[in-house]
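Just so it is clear, the model here is predicted, and its values are computed rather than measured.
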Amino acid sequence: MNSKCPNCIESKTLLHVFSDCSSLVQIIWHPYQLNPDAPKEGIDKREFYTSKFGSQSNRMEARMLEVFRTVGLEYSLSGRTGNTMDSHRLIYFSRQQDLDKQHNLVEELGLGYFTQGKYIGDQKFLVEAAAKVGIEGAEEFLKNPNNGLKEVEDELKTCPGNVSGVPYYVINGNQKFSGAQPPEVFLRAFQVATS
């Protein structure tokens, strides 16, 4: 997953459809960087998307506004975008404490970034999000830029080279698909994985 990917947040919301199966389904978030060379200090989101996608950025924004409305949220292109490494280090750290905390952190980061104009590279925002979901020691962990870096970099190296979109799902090691998906796709994949 990429912590600044709207499809990742949309799909996380759709995964709530299967919350009744939480004892059967284990969700682990792994890092993926859409733009590993993005500046750490960040740049204006709207400016970045316009320069990257041109006139297509208006259609993308309209689609995201609609997608977020369907789950009761207001999508916003305010704020900055940039390098996501610190968020991935924090997501890795949260997984060491508890998978539910990791899951809740991903949601909190997505809400802040996509609906409140928070910058995913801002350590103050990352620490606040971690505190909201009960992750202990986040500020100390993030202070050292090497904490979790090797682990995240190692995970990034294991990502299949054929990933064409995020989020990228691997279910039971063999059901693989990418991009935002409707609940029916998950249901079919779970059925195949358990048969």
Side-chain angles (χ1 to χ4, degrees), residues 1-19 22 25-36 38-46 48-49 61 64-65 67-153 155-156 166-169 180:
M1 73 70 75
N2 182 277
S3 42
K4 63 181 186 183
C5 164
N7 290 332
C8 294
I9 304 309
E10 174 190 4
S11 294
K12 185 197 180 307
T13 303
L14 289 173
L15 287 171
H16 284 293
V17 170
F18 302 103
S19 61
S22 60
V25 176
Q26 183 181 56
I27 299 170
I28 301 173
W29 296 91
H30 298 279
Y32 186 81
Q33 289 191 295
L34 290 170
N35 189 4
K40 182 146 178 68
E41 66 278 2
I43 58 174
D44 179 79
K45 276 188 215 175
R46 187 174 301 281
F48 172 77
Y49 289 119
E61 181 179 7
M64 289 295 100
L65 283 165
V67 165
F68 275 66
R69 274 191 206 111
T70 64
V71 294
L73 299 171
E74 189 63 37
Y75 178 72
S76 171
L77 267 180
S78 64
R80 294 178 295 151
T81 188
N83 195 287
T84 58
M85 182 55 80
D86 283 346
S87 68
H88 289 300
R89 290 190 313 116
L90 181 60
I91 292 166
Y92 160 80
F93 180 66
S94 68
R95 185 171 71 214
Q96 307 314 301
Q97 293 186 18
D98 181 82
L99 286 179
D100 286 337
K101 287 182 181 182
Q102 184 194 41
H103 201 59
N104 293 336
L105 176 64
V106 169
E107 182 171 15
E108 194 62 39
L109 293 176
L111 288 173
Y113 181 77
F114 291 111
T115 68
Q116 301 162 14
K118 304 282 185 173
Y119 173 45
I120 202 77
D122 177 11
Q123 286 198 3
K124 181 180 177 197
F125 165 55
L126 296 174
V127 169
E128 288 170 0
K132 272 187 173 179
V133 300
I135 295 166
E136 298 175 15
E139 185 171 10
E140 295 76 24
F141 179 82
L142 288 171
K143 277 183 185 175
N144 181 341
N146 293 314
N147 285 342
L149 184 62
K150 179 186 180 326
E151 293 82 356
V152 169
E153 287 177 342
E155 278 196 81
L156 287 168
V166 290
Y168 183 77
Y169 304 95

Rounded to the nearest 0.5 Å, what separation is found between the NE2 atom of His103 and the OG atom of Ser94? 11.5 Å

Check the pair Leu149, Glu153 against side chain to side chain contact (heavy atoms under 4.5 Å, CB included), reporting the backbone distance first and the verdict last. CA-CA 6 Å; Leu149 184 62; Glu153 287 177 342; 3.7 Å; yes

Smallest heavy-atom separation, Ala138 atom then Ala130 atom, equals CB-CB, 3.5 Å

Between Glu61 and Arg46, is there a salt bridge with N-O shorter than 4.0 Å? yes

Begin from the C-alpha positions of Phe125 and Ile120 and carry the test side chain to side chain contact (heavy atoms under 4.5 Å, CB included) through to its verdict. CA-CA 7 Å; Phe125 165 55; Ile120 202 77; 4.2 Å; yes

Backbone N/O of Phe141 and side chain of Asn147: donor-acceptor pair under 3.5 Å: yes

Flag side-chain contact, heavy atom, 4.5 Å: Ile27 against Leu99: no

Closest non-hydrogen atom pair between Thr70 and Val67, with its separation: OG1-O, 2.5 Å

When you compare the side chain of Arg80 with that of Ile43, does any pair of heavy atoms fall below 4.5 Å? no

Interatomic spacing from CZ in Phe93 to CD in Glu136 - rounded to 0.5 Å: 8.5 Å

Are the side chains of Asn35 and Phe48 in contact, using a 4.5 Å heavy-atom criterion? yes

By side chain to side chain donor-acceptor pair (under 3.5 Å), Gln97 pairs with (sequence neighbours left out) none

Partners meeting side chain to side chain contact (heavy atoms under 4.5 Å, CB included) with Thr115 (sequence neighbours left out): Phe68, Leu73, Leu111

Any residue meeting side chain to side chain contact (heavy atoms under 4.5 Å, CB included) with Val133, in chain and number order, not counting sequence neighbours: Asn104, Leu105, Glu108, Ile135

Could you pull out the closest heavy-atom pair between Met85 and Val152, with the gap in Å? SD-CG1, 3.6 Å

Could you go through the side chain to side chain contact (heavy atoms under 4.5 Å, CB included) check for Gln33 and Asn83 one step at a time? CA-CA 8 Å; Gln33 289 191 295; Asn83 195 287; 3.7 Å; yes

Looking at OH of Tyr119 and CG of Asp44, how far apart are the two atoms once the value is rounded to the nearest 0.5 Å? 12.0 Å

Quick one: list whatever passes side chain to side chain contact (heavy atoms under 4.5 Å, CB included) with Lys124, sequence neighbours left out. Asp122, Glu128

Set of ring-ring contact (aromatic ring centres under 6.0 Å, His included) partners for Tyr92, sequence neighbours left out: none

Restricting to salt bridge (Lys or Arg N to Asp or Glu O under 4.0 Å), what partner residues turn up for Glu151, sequence neighbours left out? none

Set of residues satisfying salt bridge (Lys or Arg N to Asp or Glu O under 4.0 Å) with respect to Lys143, sequence neighbours excluded: none

State which residues pass side chain to side chain contact (heavy atoms under 4.5 Å, CB included) with Arg69; sequence neighbours excluded, sorted by chain then number. Leu65, Glu66, Glu74

Stepwise, does the side-chain hydrogen bond (donor to acceptor under 3.5 Å, both in side chains) test hold for Tyr113 with Ser87? CA-CA 11 Å; Tyr113 181 77; Ser87 68; over 6 Å; no

Minimum heavy-atom separation for Leu126 to Leu90, with atom names? O-CD2, 3.4 Å

What pairs of residues pass the salt bridge (charged side-chain N to carboxylate O under 4.0 Å, His left out) test when at least one of them lies in residues 85-95, not counting sequence neighbours? Lys40-Asp86, Asp86-Arg89, Arg95-Glu155

